Structure formats: structure tokens, C-alpha cells
Amino acid sequence: MPTTDLLRGPRLRLTPLTSDDLPEVAGWYSDSEFARMYDARPAAPRTVAGLHSWLDGYASTTDGFVFAIRPHASDLLLGFSEIESVLWPHRTAWLTLAIGAASQRGQGYGREALGLVLRFAFHELNLHRLQLSVFSYNQAAIRLYERLGFVREGAYREYIERDGQRYDMYLYGLLRREWELPATAAR
């Protein structure tokens with residue numbers, strides 16, 4: 001039997017995102033920078049009740065997973081990641097990643113967490129392809145995705161408007177065989 005703990009990395013662990021975490025997540029949406037990096041909807045605060053509906057959707061589906069990102073040493077919520085809209089016959093899914101507090105971004109948590117999520121998706125769920133979208137102004141996320149082997153496959157040109165300026169939304173994809181290449185082993 002494999003001994004690798006799929007949900008633990010050197011500094012982080014993936015745990016269930018629970019209703020107790022939702023006030024913290026709601027607080028992140030009060031930060032317009034977070035909201036604008038993560039969501040195309042207007043950067044507006046979210047209610048805990050609204051987030052309950054979102055989280056409850058995962059409890060009643062077999063085509064999605066949501067993980068809380070936490071350090072080993074505490075239950076501090078650093079962010080969350082979703083594998084969603086799994087199409088089991090085709091073994092494809094959408095992926096999202098969010099690091100909540102601005103003070104936690106840029107610390108390498110996203111890279112480690114996404115590595116764990118990719119390992120879970122490809123080794124445990126046996127998915128073939130993961131895809132994600134990212135706004136062209138989110139350069140930190142773009143660098144992360146490309147470092148992890150994601151390939152830019154296209155763009156929805158001038159998809160979103162922020163502060164009177166139009167931005168593209170890029171589509172990235174990663175195939176299991178690309179993720180498993182030795183050249184990307186330094187993930």
C-alpha cells in the first residue's frame with residue numbers, strides 16, 4: 001500500500017473546509033484585492049449564509065471537492081482550493097486556488113497547496129486533465145501556474161472590466177503526463 005499522505009506537504013495540509021471556516025472566508029471577500037483576483041463577479045462582501053450554500057453544494061455532489069489549506073502547526077485557515085465540475089467519463093475538471101489574507105500571499109503556500117491538490121487529482125481521482133482560468137492582471141498566479149506546468153491554451157479577450165480597463169481571462173490546462181514529466185519534479 002502506498003505510504004504517501006496525499007494531503008500533507010512539508011509545511012501544509014489539506015483538510016475539509018467547514019462551516020466554522022466560513023466567517024474567515026467571508027472576511028476575505030471584504031478585501032477587494034482578494035475578490036478581484038479570485039472572482040469575476042463584482043468585488044463585494046459575501047455573507048456567511050451565502051457561503052454556506054456554496055459549501056453545502058459540495059456535500060451533495062460527487063463531481064467536486066473543496067479543501068481548506070492549513071499549516072501543520074495550527075488550524076489557521078490560509079486559503080482553499082476546489083476541484084469542481086468533474087466530468088468522470090472524460091476525467092477532466094476545473095481547479096481553483098485562493099490564498100485569503102494578503103499577509104499570507106507570496107509565502108509559497110499557493111505553490112505547495114496546489115502541488116498537493118494536483119497530486120490528489122491525478123493520483124487519487126485518476127483525472128487526466130485539469131483546467132483553470134485566470135485574469136491577465138493576476139501575474140503572480142500566472143507565474144505559479146506556469147511554474148507548475150500549466151500551459152496557456154487560449155484567452156477570452158477583454159473578458160472583464162476593472163476600473164474602466166478591459167482585461168483578458170486566460171485558460172490554462174495541465175495533462176497528467178505533463179505534470180509527471182521529470183523536468184517538473186522540482187515542484
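Worth knowing before you read on, the calculation uses all heavy atoms, side chains too, and leaves out hydrogens, waters and symmetry mates. Owing to the predicted nature of the structure, the values given are computational and were not obtained by experimental measurement.
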query = Do Tyr170 and Phe150 have ring centroids that are under 6.0 Å from one another?
reply =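 Between Tyr170 and Phe150, which both carry aromatic rings, the centre distance is not below 6.0 Å.
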
Between Trp179 and His123, ring centroids under 6.0 Å =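 Yes: the rings meet the under 6.0 Å criterion.
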
Is it possible for you to say whether [X] and [Y] belong to one hydrophobic cluster, with membership spreading through side-chain heavy-atom contacts below 4.5 Å?
| X | Y | value |
| --- | --- | --- |
| Tyr156 | Val151 | no |
| Phe120 | Leu130 | yes |
| Leu97 | Leu51 | no |
| Leu118 | Leu125 | yes |
| Tyr109 | Ile142 | yes |

Can you tell me if [X] uses its side chain to pair, donor with acceptor, with the backbone of [Y] under 3.5 Å?
| X | Y | value |
| --- | --- | --- |
| Asp168 | Ala155 | no |
| Arg105 | Gly100 | yes |
| Asp21 | Thr18 | yes |
| Arg166 | Glu158 | yes |
| Gln165 | Arg162 | no |
| Arg70 | Arg13 | no |

Please tell me if the side chains of [X] and [Y] come closer than 4.5 Å, counting only heavy atoms from C-beta onward.
| X | Y | result |
| --- | --- | --- |
| Ile69 | Leu14 | yes |
| Phe80 | Ile99 | no |
| Glu124 | Arg119 | no |
| Asp5 | Leu7 | yes |
| Leu78 | Leu76 | yes |

Closest contact, heavy atoms only, [X] versus [Y]:
| X | Y | result |
| --- | --- | --- |
| Phe135 | Met169 | CE2-SD, 3.8 Å |
| Leu12 | Ala113 | CD1-N, 3.9 Å |
| Leu132 | Leu95 | CB-O, 3.3 Å |
| Arg46 | Asp39 | NH2-OD2, 2.5 Å |
| Ser81 | Val117 | OG-CG2, 3.6 Å |
| Val48 | Pro23 | CG2-CA, 3.8 Å |

What side-chain donor-acceptor pairs closer than 3.5 Å can you find for residues 86-94, not counting sequence neighbours?
| residue | atom | partner | partner atom | Å |
| --- | --- | --- | --- | --- |
| Trp88 | NE1 | Thr62 | O | 3.0 |
| Arg91 | NE | Asn126 | O | 2.7 |

inquiry  = Applying side-chain contact (heavy atoms from CB on, under 4.5 Å) to Leu116 and Leu6, what does each step give before you reach the verdict?
reply    = CA-CA 7 Å; Leu116 293 170; Leu6 291 172; over 6 Å; no

Under a 3.5 Å threshold, yes or no: a donor from one side chain and an acceptor from the other, between [X] and [Y]?
| X | Y | result |
| --- | --- | --- |
| Gln131 | Arg129 | yes |
| Arg11 | His72 | no |
| Tyr172 | Glu146 | yes |

ask   = What's the verdict on ring pair (Phe, Tyr, Trp, His ring centres under 6.0 Å) for Tyr167 and Tyr137, showing C-alpha distance, side-chain angles and the deciding distance?
value = CA-CA 7 Å; Tyr167 296 93; Tyr137 56 76; 4.8 Å; yes

query = OH of Tyr159: more than 12 outside heavy atoms within 6.0 angstrom?
reply =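 Check fails, neighbour count at 12 or below.
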
ask   = From Met37 CE over to Ser32 OG, what is the distance, rounded to the nearest 0.5 angstrom?
value =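 Reported to 0.5 Å precision, the distance equals 10.0 Å.
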
ask   = How long is the span from the CZ atom in Arg143 to the CG atom in Leu148, to the nearest 0.5 Å?
value =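 The CZ atom of Arg143 sits 13.0 Å away from the CG atom of Leu148.
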
N/O donor-acceptor pairs under 3.5 Å from side chains in residues 54-61, not counting sequence neighbours:
| residue | atom | partner | partner atom | Å |
| --- | --- | --- | --- | --- |
| Trp54 | NE1 | Glu82 | OE1 | 3.1 |
| Tyr58 | OH | Glu82 | OE1 | 2.4 |
| Ser60 | OG | Gly57 | O | 3.4 |
| Thr61 | OG1 | Asp63 | N | 3.1 |
| Thr61 | OG1 | Asp63 | OD1 | 2.2 |

message = Set out, in order, the CA-CA distance, both residues' side-chain angles and the distance that settles side-chain contact (heavy atoms from CB on, under 4.5 Å) for Tyr38 and Trp28, then state yes or no.
response = CA-CA 10 Å; Tyr38 182 70; Trp28 296 339; over 6 Å; no

request  = Begin with the C-alpha distance, continue with both residues' side-chain angles, and end with the deciding distance and a verdict on side-chain contact (heavy atoms from CB on, under 4.5 Å) for Thr96 and Val66.
outcome  = CA-CA 9 Å; Thr96 61; Val66 62; over 6 Å; no

task = Could you check Arg36 against Asp163 for salt bridge (charged side-chain N to carboxylate O under 4.0 Å, His left out), going step by step and ending with a plain yes or no?
result = CA-CA 11 Å; Arg36 285 177 161 203; Asp163 301 322; 2.9 Å; yes

